[in-house]
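The analysis underlying the following values was restricted to heavy atoms, covering all of them including side chains, and did not include hydrogens, waters or symmetry mates. Quick note on labels: first sequence line is chain A, next is B, and so on, each numbered from 1. Predicted model, so just to flag it, every value in this text is computed and none were measured.
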Number of protein chains: 2
Amino acid sequence: MVQEVRNIAADVLKAMAHPIRLGVIEVLANGERTVTELYSELGCSQSMMSQQLKILCQQKLVAIRKDGTQKYCSLCNRDFLKLFDCMHTHLRQFLNFQD
Amino acid sequence: MVQEVRNIAADVLKAMAHPIRLGVIEVLANGERTVTELYSELGCSQSMMSQQLKILCQQKLVAIRKDGTQKYCSLCNRDFLKLFDCMHTHLRQFLNFQD
DNA sequence: TACAGATATTATTATATTTTTATATTCAGC
DNA sequence: GCTGAATATAAAAATATAATAATATCTGTA
């Protein structure tokens with residue numbers, strides 16, 4: 001990886017590195033959700049969710065399709081779900097955190 | 001993942017989400033390096049590297065052993081190297097970036 | 001066309017991160 | 001104990017991110 005690529009990769013990781021945004025990815029792993037479902041399920045404000053979704057979409061982690069007055073969100077790239085397994089192991093093994 | 005776990009997972013991801021810190025992980029994938037080797041290879045200042053290493057160590061991504069006046073850095077958890085594969089694919093497939 | 005539900009945008013404040021520069025510490029060898 | 005190489009810490013300024021509240025837009029339906 002050259003410098004420029006690392007900058008972009010860092011931006012993608014940064015987009016995931018937030019509790020709510022991680023939550024969105026986790027929820028969407030189980031299938032499509034509307035924006036309202038997401039912020040209800042994750043317990044944050046509508047405005048907050050809208051902003052976090054924008055960040056996830058910019059990095060093409062989440063895709064949104066419109067249907068009438070609602071928007072349906074889904075994962076672009078399920079490959080990154082591997083990360084959750086790595087993370088679980090890391091938390092247990094290296095940070096002594098029972099999840 | 002519950003709220004608290006997501007906070008911690010976000011901190012781990014945040015520790016990776018930086019061009020230099022990504023560079024460190026990448027270089028260390030090829031084996032142990034001293035701090036001097038790292039900042040020479042990655043082209044940043046000694047102070048910068050020292051600070052970035054601290055962040056990586058806090059999240060147990062990098063381990064440091066001392067030998068005389070030098071410190072040798074290595075990866076704690078090679079499992080996260082999977083991330084680089086995911087990332088390459090993502091950059092190509094979703095962000096149209098040739099790496 | 002007015003209303004209501006769903007979502008987005010903007011502005012603001014608070015807080016955190018990044019980067020640089022200067023200084024400090026640590027330790028081996030003389 | 002002094003020196004120099006290797007590394008760490010502190011302080012400061014610039015910039016970015018986070019979070020909230022207020023307002024705007026968009027769209028289907030009465």
Side-chain angles (χ1 to χ4, degrees), chain A residues 3-25 27-28 31-75, chain B residues 3-25 27-28 31-75:
Chain A
Q3 181 71 32
E4 192 191 359
V5 180
R6 280 196 217 108
N7 290 336
I8 297 180
D11 287 339
V12 175
L13 281 175
K14 236 183 282 183
M16 295 194 264
H18 183 286
I20 290 182
R21 298 194 296 262
L22 276 179
V24 169
I25 294 173
V27 170
L28 294 184
E32 213 177 39
R33 294 284 189 282
T34 68
V35 178
T36 298
E37 286 170 338
L38 283 174
Y39 72 74
S40 305
E41 196 156 343
L42 291 168
C44 71
S45 72
Q46 175 271 314
S47 170
M48 172 100 293
M49 183 52 69
S50 180
Q51 289 173 86
Q52 303 313 322
L53 284 173
K54 190 175 183 180
I55 292 169
L56 289 168
C57 288
Q58 277 167 349
Q59 300 303 328
K60 296 283 195 301
L61 292 166
V62 165
I64 296 192
R65 72 175 176 87
K66 244 169 95 174
D67 184 8
T69 171
Q70 304 199 162
K71 295 201 178 169
Y72 287 85
C73 308
S74 60
L75 289 185
Chain B
Q3 181 70 33
E4 191 190 1
V5 180
R6 280 196 218 107
N7 290 336
I8 297 179
D11 287 339
V12 175
L13 281 176
K14 233 182 286 184
M16 296 195 263
H18 184 286
I20 291 182
R21 297 195 295 264
L22 275 179
V24 169
I25 294 174
V27 170
L28 294 184
E32 213 176 40
R33 293 285 188 285
T34 67
V35 177
T36 298
E37 286 170 337
L38 282 174
Y39 72 75
S40 305
E41 195 155 344
L42 291 168
C44 72
S45 71
Q46 175 271 316
S47 171
M48 171 100 293
M49 183 53 70
S50 179
Q51 290 173 87
Q52 304 312 323
L53 284 172
K54 189 175 183 181
I55 291 170
L56 289 167
C57 288
Q58 276 166 351
Q59 300 301 329
K60 297 283 194 302
L61 293 166
V62 165
I64 296 191
R65 74 177 175 83
K66 244 169 96 174
D67 184 9
T69 172
Q70 304 197 166
K71 297 203 176 169
Y72 287 86
C73 308
S74 59
L75 290 185

Taking the side chain as everything from C-beta on, heavy atoms only, tell me whether [X] gets closer than 4.5 Å to [Y].
X: A:Ile25; Y: A:Leu56; value: yes
X: A:Leu53; Y: A:Val35; value: yes
X: A:Leu75; Y: A:Leu61; value: no
X: B:Met16; Y: B:Val24; value: no

Spacing of [X] atom [atom1] relative to [N] atom [atom2], expressed in whole Å:
X: A:Asp67; N: D:dT29; atom1: CG; atom2: P; result: 11 Å
X: A:Ile55; N: C:dT9; atom1: CD1; atom2: C1'; result: 14 Å
X: A:Gln70; N: D:dG28; atom1: CD; atom2: C1'; result: 11 Å
X: A:Leu53; N: C:dA8; atom1: CG; atom2: P; result: 7 Å
X: B:Arg33; N: D:dT7; atom1: CZ; atom2: C1'; result: 18 Å
X: A:Gln58; N: D:dT17; atom1: CD; atom2: P; result: 10 Å
X: B:Glu37; N: D:dT7; atom1: CD; atom2: P; result: 9 Å
X: A:Lys54; N: C:dA6; atom1: NZ; atom2: P; result: 22 Å

When we call it a touch if two heavy atoms are under 4.0 Å apart, what does A:Thr69 touch: a base, just sugar-phosphate, or nothing?
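The answer is base, as A:Thr69 lies within the cut-off (heavy atoms under 4.0 Å) of a base atom.
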For DNA chain C, which residues in residues 38-51 of chain B have a heavy atom at a distance below 4.0 Å?
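Under 4.0 Å from DNA chain C: B:Ser47, B:Met48, B:Gln51.
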Using the side chain to side chain contact (heavy atoms under 4.5 Å, CB included) definition, which of the options A:Glu32, A:Gln70, A:Lys71 pairs with A:Arg65?
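The passing option is A:Glu32.
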Hey, could you give me the CE/NZ distance between A:Met49 and A:Lys54, rounded to the nearest 0.5 Å?
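Interatomic distance, A:Met49 CE to A:Lys54 NZ, rounded to 0.5 Å: 15.5 Å.
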Of B:Val35 and B:Lys14, whose nearest nucleotide on DNA chain D comes first from the 5' end?
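Upstream on the strand: B:Val35.
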Do the side chain of B:Ser40 and the main chain of B:Thr36 share a donor and acceptor less than 3.5 angstrom apart?
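Confirmed, B:Ser40 side chain pairs with B:Thr36 backbone.
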Nucleotide nearest B:Lys66 when distance is taken to its side chain, options D:dA6, D:dA18, C:dT26:
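The answer is C:dT26.
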From D:dT7, C:dT7, C:dT18, nucleotide with atom closest to B:Thr34 side chain:
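So the nucleotide nearest the side chain must be D:dT7.
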